[in-house]
Amino acid sequence: MSNKKGKFRQWVKLKHWEIIALYLFIYDVIVINASYFAGLLLRFDMRYSSIPEEYLNAFLKFTPFYTIFTVAVFFVLRLYNSLWRFASFSELNRILMASGITTLFHVIGITAFVHRMPVSYYVFGAVIQFCLVTAIRFAYRFILLERARREKNTGAVHNAMIIGAGAAGLVILKELKVSNDANARPVCVIDDNPNKWGRLIEGIPIVGGRENIMEAAEKYKIDQIMFAIPSVSAEQKRDILNICKETGCELLSLPGIYQMTNGEVSLSKMKSVAVEDLLGREAIKVNMEEIFQHLKGQTILVTGGGGSIGSELCRQIAGHEPRQLIIFDIYENNAYDIEQELRRKYPELNLVVLIGSVRDSRRIDWVFEHYKPDIVYHAAAHKHVPLMETSPNEAIKNNVVGTYKTAYAALKHGTKRFVLISTDKAVNPTNIMGASKRLCEMVIQSMDAVSKEGRIDLLPFIHAHMDKPAEGHNINASIKHTVVEETVQPDHSIRIESVKNKDRKGTQFVAVRFGNVLGSNGSVIPLFKKQIEAGGPVTVTHPDIIRYFMTIPEAVSLVLQAGVYAWGGEIFVLDMGAPVKIDTLARNLIRLSGYKPDVDIKIEYVGLRPGEKLFEEKLMAEEGMKKTDNELIHIGKPIPFDTEVFLKQLEELAKASYENSDHIVEMVEKIVPTFHPAGKMPDADK
């Protein structure tokens, strides 16, 4: 018996929607007949006794046929199968269609076969039927939405202001009102279009333009602002967000217009406003098709592939179908992280991860001989200015000698293109790190000149003690069409002989120079964030210090585009717009974190660090500027210098650095005329 009861309960539970449909059916039968009877009553001033007998008899005679026909139409149009808690325009359209068909049937049927009725009877009956049939079906949805709205309003923890009364703003408003995951209630909307002021969108008032943000935030007790204008320019976005951050509210933003085109605008896509949103510069645009064609099917080596720039290079290269991607880094933890990420995201990628130092000639030579890369992106470098000031020899060993050895191996093994990652600190450097990167650029320019002329005999073989090959060992290599013979001398130096061939194209060497990269290892943003999390103070070196900034993806896009534009010997420079004061950056970051500068979080000025200057430059005056197909990418005209003299000086500098000389800075000053060290150097590394 109990088993039968259980089965019955299970049947009832499974057929619950059919019970609802039965109730609707009974309701419709009543409404169908009541609607036209009400129409008849309305025609005769709501007096039953005033209805002529012929009209009443005609109505009663036609009612059974009309009821059967109408219910059949409702079944055919599936008005008993919908989930009415999710009723939308689709259900409304079907009700309209059903009402139209049944009204037409009623008018023709009763007029042609029974009796002609008053016009008002047809009109009132059809309207009342449509309203009652629609009301019962949408009432359930309305009750649920209203209940959810009230529950949500009592549970909401934020009063939200929406910036933008366009399509994106409308989507965000709707989701805020119905989503159970949202913890904010929309209170007001801001839009710069005066035609929208004083009107409502989804029942929320549009209270004015950007100039009303501060006033509205105070009036409506706003604590969260949502920026929902994906199509706005970077400059306009910066201006609006700069006003918003003065309110002290939490700021959220939609990342970009591509989400509108992809239909991906939603509350879940809102992200906290990042400090780069306040820079006011359009993101760099590159020709992805050009880059794709340039990288597809190539063997590509990225040195320093585990670093901030190197790892992003690997990510973007991996998505452009290279024949093989080789990651080379001395720090195995970083290399491991990017390897796991790429293997997970691109399971078909031919990926090789190698550990080693660019200072190790034998290791670098083995990598090039074994894998023969077509393109090299050289991102391996020491880049921390203060650390290099106290360890200048290490800056020369890793940055300059490492670049030389990698470029030498590229030239020797026939690499097509070699792209050096440089920095704006190489322009009129005041620190050894910047000077070392300028030396790297000079190495690249020298290598390109040697490559074009085929004068391989000019290149010294720079090595450390551990790199020394065995005496008498001969190395034969073919660099494109130039035959090169390297013979090890008794003193372990290398004598290079070559046969010049005018038809030889050689390796194209270029450098890419850009400013500070937001979010990279060692940049000010992560430092400021840690200081803010610790409760301050935030340390700024000088209130007037300025820097150029770009995002990591922008920096990498520039590097990839430069590889496409390269002819050899160029220094590519990104137009990064107006520089930003570090003090302003720090204050913006404090506000974006929900604090007030100098009130909740103190800002301390600690003075310029050794080798640091107030402003950075992108080009030296004598370099000039030349345009490319990308209006944000320019080419600096190389400063001429004597390649032979430079290579001899470089050999001496490398030797001194491995001897941990105390005079390394003075030697660099002689080689780089634009290098002017800031103050006296501390004790060098020994």
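Everything numeric in this text was worked out from a predicted model, so none of it was measured.
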Checklist entry - Above 12 or not: heavy atoms from other molecules or residues under 6.0 Å from CZ of Phe113? => result no
Item to check | Residue pairs, two or more places apart or on separate chains, that pass salt bridge (Lys or Arg N to Asp or Glu O under 4.0 Å) and touch residues 186-201 | outcome: Asp191-Lys196, Asp192-Arg210
Checklist entry - Heavy-atom distance under 4.5 Å between the side chains of Leu40 and Met117, does that happen here? => result yes
Item to check | Gap between atom CG of Leu527 and atom CD1 of Ile532 - 0.5 Å precision | outcome: 9.5 Å
Checklist entry - Is there side-chain contact between Tyr121 and Ile110, with at least one heavy-atom pair below 4.5 Å? => result yes
Checklist entry - Are more than 12 heavy atoms from other residues, nucleotides or ligands located less than 6.0 Å from atom OH of Tyr122? => result yes
Next on the checklist: Is there a side chain to side chain contact (heavy atoms under 4.5 Å, CB included) between Leu351 and Tyr346? Walk through the geometry before answering.
Outcome noted: CA-CA 9 Å; Leu351 178 65; Tyr346 303 100; over 6 Å; no
Checklist entry - Should we count CD of Glu215 as having more than 12 external heavy atoms under 6.0 Å? => result no
Checklist entry - Can you find a heavy atom in the side chain of Phe528 that is under 4.5 Å from one in the side chain of Ile590? => result no
Next on the checklist: What verdict does the side chain to side chain contact (heavy atoms under 4.5 Å, CB included) test give for Ile243 and Met214, after you've listed the backbone C-alpha separation in whole Å, the side-chain angles of each residue and the deciding distance to 0.1 Å?
Outcome noted: CA-CA 8 Å; Ile243 298 173; Met214 298 290 291; 4.3 Å; yes
Next on the checklist: For Tyr23, give me all partners under ring-ring contact (aromatic ring centres under 6.0 Å, His included), at least two apart in sequence or on another chain.
Outcome noted: none
Next on the checklist: Applying ring-ring contact (aromatic ring centres under 6.0 Å, His included), can you list everything that pairs with Phe59, at least two apart in sequence or on another chain?
Outcome noted: Phe37
Checklist outcome for this item: Sorted by chain and number, sequence neighbours left out, side-chain hydrogen bond (donor to acceptor under 3.5 Å, both in side chains) with Thr102 holds for Gln129
Item to check | Heavy atoms from other residues, nucleotides or ligands near CZ of Arg343 exceed 12 (cutoff 6.0 Å) | outcome: yes
Next on the checklist: Could you check whether atom CD of Glu218 has more than 12 heavy atoms from other residues, nucleotides or ligands sitting under 6.0 Å from it?
Outcome noted: no
Checklist entry - For Lys602, which residues count as a side chain to side chain contact (heavy atoms under 4.5 Å, CB included) partner, sequence neighbours excluded? => result Pro537
Item to check | Within the 6.0 Å centroid threshold, strictly below: Tyr36 and Tyr66 | outcome: yes
Next on the checklist: Considering only residues two or more places apart or on different chains, which pairs with a residue in residues 51-69 satisfy salt bridge (Lys or Arg N to Asp or Glu O under 4.0 Å)?
Outcome noted: none
Next on the checklist: Can you tell me how far apart CG (Leu241) and CZ (Phe227) are? Round to the nearest 0.5 Å.
Outcome noted: 5.5 Å
Next on the checklist: Please list all pairs meeting side chain to side chain donor-acceptor pair (under 3.5 Å) that have one or both residues in residues 38-51, counting only residues at least two apart or in different chains.
Outcome noted: none
Checklist entry - What pair of heavy atoms forms the shortest contact from Val31 to Val133, and how long is it? => result CG1-CG2, 4.1 Å
Checklist outcome for this item: In short, Cys244 meets Ile213 closest at the heavy-atom pair SG-CD1, 3.9 Å
Checklist entry - Could you state the interatomic distance from OG1 (Thr247) to CD (Gln224), rounded to the nearest 0.5 Å? => result 11.0 Å
Next on the checklist: Given 3.5 Å as the limit, does a donor-acceptor pair link the side chain of Ser35 with the main chain of Ile32, or not?
Outcome noted: no
Next on the checklist: Tell me every residue that passes ring-ring contact (aromatic ring centres under 6.0 Å, His included) with Phe105, counting only those two or more places apart in sequence or in another chain.
Outcome noted: Phe62, Phe69
Item to check | Residue pairs passing the salt bridge (Lys or Arg N to Asp or Glu O under 4.0 Å) test where at least one lies in residues 28-39, sequence neighbours excluded | outcome: Asp28-Arg137
Next on the checklist: Within this structure, what is the CD-OG distance for the pair Glu341 and Ser311, rounded to the nearest 0.5 Å?
Outcome noted: 7.5 Å
Checklist entry - Which atoms form the tightest heavy-atom contact between Leu349 and Pro322, and what is the distance? => result CD1-CG, 3.9 Å
Checklist entry - Do the side chain of Thr134 and the main chain of Cys131 share a donor and acceptor less than 3.5 angstrom apart? => result no
Next on the checklist: Main chain of His115, side chain of Tyr55: is a donor-acceptor contact present, judged purely on distance under 3.5 Å?
Outcome noted: no
Checklist outcome for this item: For Ile108, the side chain to side chain contact (heavy atoms under 4.5 Å, CB included) test, sequence neighbours excluded, returns Leu104
Checklist entry - Do Arg315 and Ile338 have side chains that get closer than 4.5 Å, going by heavy atoms? => result yes
Item to check | Closest non-hydrogen atom pair between Ala216 and Ile222, with its separation | outcome: O-CG1, 3.9 Å
Checklist entry - With a 4.5 Å heavy-atom cut-off, do Gln316 and Ser557 have their side chains touching? => result yes
Item to check | Phe65 atom CZ, over 12 foreign heavy atoms within 6.0 Å | outcome: no
Checklist entry - Got a second to check how far Ile291's CD1 is from Ile317's CD1, nearest 0.5 Å? => result 10.0 Å
Item to check | Lys530/Glu533 salt bridge by N-O under 4.0 Å criterion | outcome: no
Item to check | Closest approach of Ile128 to Gly39 (non-hydrogen atoms, all atoms of both residues) | outcome: CD1-N, 4.3 Å
Item to check | Heavy-atom closest pair, residues Leu342 and Ala318 | outcome: CD2-CB, 4.0 Å
Checklist entry - Atom CG in Leu560, atom NE2 in His294: separation rounded to 0.5 Å? => result 8.0 Å
Enumerate donor-acceptor pairs with a distance under 3.5 Å from any side-chain N or O in residues 159-172 to protein atoms, sequence neighbours excluded.
unit_1 : atom_1 : unit_2 : atom_2 : d
Asn159 : OD1    : Arg185 : NH1    : 2.7
Asn159 : ND2    : Lys221 : O      : 3.2

Item to check | Asp239: partners by salt bridge (charged side-chain N to carboxylate O under 4.0 Å, His left out), with sequence neighbours left out | outcome: none
